[in-house]
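Each chain gets a letter, A, B and so on, in the order the sequences are listed, and its residues count up from 1.
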Amino acid sequence: MIDLRILRDNPDRVRASQRARGESAELVDSLLVADERRRAAIAAADALRAEQKKSSSAVKQASPEERPQLLVQAQELAARVKVAEVAQTQTQVELTQAQLAISNVIEDGTPPGGEDDYVVLREVGVKPELERVRDHLELGELLGAIDTERGAKVSGARFYYLTGVGALLQLALLQAAIEQAVSAGFTPMITPTLVKPEVMGGTGFLGTHSDEVYRLEADDLYLVGTSEVPLAGYHMNEILDLANGPKRYAGWSSCYRREAGSYGKDTRGILRVHQFDKVEMFVYCAPEDATQEHQRLLAAEEDMLAKVELPYRVIDVAAGDLGSSAARKFDCEAWLPSQGRYREVTSTSNCTQYQTRRLNIRYRDTDGRSMPAATLNGTLATTRWIVAILENHQQPDGSVRVPKGLQPYLGGREVFEPQR
RNA sequence: GGAGGCUUCGCCUAGUCUGGUUUAUGGCGCCCGCCUGCUAAGCGGGUUUGGGGCUUAUACCCCAUCCCGGGUUCAAAUCCCGGAGCCUCCGCCA
């Protein structure tokens, strides 16, 4: 949700942000009008309420003979108050709608444009030179690590089983992520994966991407697509004490995505699936610290990628591909030998105060005033990493080298051997 | 699934039966000041959260806020209806 003060003081900045995203700048003017109308309605209703209070206490103190006369006046006022309150509510609803329609104001430096207008910040690591490339599913089947056929039999397309070393690899990967996060001062969390509409909406996932989200109609609950959602909801309606620095959480959860609109895309293997596991970093901090925290999250992601020895690049995502909540987003994309290109394995967003205004999460600034906090999130490891790990560390015989950073979490194992 | 109890400004709590002198009581904690070799104690004051107005800002004024949402009434913490959460008991169950 957009800050009305920023909007009033600097509407051009919001207009520019909307244009860079390829979204409507006219929404800014609708919002300004809605803001004006709401304030007028509040002033009118407040004045009537004040009058009514006086009138009411006059009734209370009146002598029996003046009482009937005063009662009539009071009754008439009560009716007018009722009308004014309906108008006030209406303008409030319109304001909120106009406010929700505008995406977060992008951070300075964000590349303008759409999905393909990202800027590559750096490439790290060495791509493997392979004579014969097996893709992750072929490798996964050789190792007895991935079973998509039975996944489809039991649950449908885009479901899978991780079996044997596949299951162990995921546990090792996520455990390594948790350990890294804990030693960096993050609080590990295992979160709910079903959340209420207000939480799903508050994090910004019920906007243009709402058809990506699973909904349980009978219970009016949503399955989360990332633990960002329950971690953002964790402090909903609270005032945080950030005097000792940001609150940093690392959430481990299953994630569920409908993948609507991606029919035919990435249908092979487990690159794009309906359910996966993820360790996600989530930070609450003062707005002035957000940009710096964002860099820390990105650095943590790169540490993890180094641990599993993946070649990757970092991209600065363009404005039009940020989603409504993010003001800036950096993705790390790992090299996939089977595709000969980079694919997203992490994503870190600075959501500034966009989510906390919706979720009513504040902190005390240095003057003791309560202000919306900033939130950020970033991926530390997901099931998808298995794809890149298998493909980049494959050997000619179909075995897969276990990266050093994961060996301690796999009982010291150095290689996964094909089963016959 | 059934029955009952509870929810008040950080924490605890009075007030709810019997609607209006309640701008919600008191204690603890916290903040400011006074007193005092120091500390403690004592004394005085302050301390919900939003919104609006007026301001350079502070101050000040107004409105809302007693779990949430409706309703009755000139007037609701208080009465009525619906919902949520917590606790206790019963039933069922991996």
Opposite nucleotide pairing with C60(B), Watson-Crick or G-U, both atom distances under 3.5 Å: G53(B)
Strand partner of C34(B), provided both Watson-Crick or wobble distances fall under 3.5 Å: G42(B)
Whole-Å C1' distance, C6(B) and C66(B): 15 Å
Pairwise P distance, A14(B) and G26(B) [rounded to whole Å]: 14 Å
Complementary nucleotide of G15(B), counting Watson-Crick and G-U pairs under 3.5 Å: U8(B)
Residue-phosphate contact under 4.0 Å: Arg38(A) side-chain N/O, G52(B) OP1/OP2: yes
Lys53(A) side-chain N/O to U23(B) phosphate OP1/OP2 under 4.0 Å: no
Cationic N near anionic O, under 4.0 Å, Asp35(A) to Arg8(A): yes
Sugar-phosphate only, base, or nothing, as touched by Arg357(A) at under 4.0 Å among non-hydrogen atoms: nothing
Atom pair distance, as rounded to whole Å: NZ in Lys54(A) and P in C61(B): 13 Å
Among Leu297(A), Asp316(A), Thr346(A), side chain to side chain contact (heavy atoms under 4.5 Å, CB included) partner for Phe330(A): Asp316(A)
Pairwise C1' distance, A77(B) and U7(B) [rounded to whole Å]: 12 Å
Aromatic ring proximity Phe186(A)/Tyr249(A), centre distance under 6.0 Å: no
From Arg272(A) atom CZ to Glu344(A) atom CD, the distance as rounded to the nearest 0.5 Å: 9.0 Å
Atom C1', compared across A59(B) and C80(B): separation rounded to whole Å: 43 Å
G20(B) pairs with, by Watson-Crick or G-U criteria that keep both distances under 3.5 Å: C74(B)
Rounded distance in Å - CD (Glu76(A)) to P (A75(B)): 13 Å
Watson-Crick or G-U counterpart of G29(B), or none if no pair lies under 3.5 Å: U47(B)
Partner nucleotide, any strand, of C89(B) [Watson-Crick/G-U, under 3.5 Å]: G2(B)
Counter-base of G82(B), judged by Watson-Crick or G-U geometry with both distances under 3.5 Å: C68(B)
Touch class at under 4.0 angstrom, heavy-atom based, for Gln52(A) against every strand present: sugar-phosphate
Centroid-centroid distance, Phe282(A) to Tyr284(A), less than 6.0 Å: yes
Arg364(A) vs G10(B): side-chain N/O to OP1/OP2 distance below 4.0 Å: no
Distance, C1' atom - from U18(B) to U23(B), rounded to whole angstrom: 24 Å
Those residues of residues 39-49 of chain A lying under 4.0 Å from RNA chain B by at least one heavy atom: Arg39(A), Ile42(A), Asp46(A), Arg49(A)
Interatomic distance, Glu36(A) CD vs G52(B) P [rounded to whole Å]: 11 Å
C1' atoms of U78(B) and C60(B), separation to the nearest Å: 32 Å
Gap in Å between the two C1' atoms, one belonging to A3(B) and one to U65(B), rounded: 33 Å
N or O in side chain of Lys196(A) less than 4.0 angstrom from C68(B) OP1/OP2: no
Minimum-distance pair of heavy atoms, taken over all atoms of Val224(A) and Pro192(A): CG2-O, 4.4 Å
Spacing of Glu198(A) atom CD relative to G85(B) atom C1', expressed in whole Å: 12 Å
d(NZ, Lys82(A); C1', A76(B)) in whole Å: 13 Å
A24(B) and U47(B), which share atom name C1', separated by this distance in whole Å: 15 Å
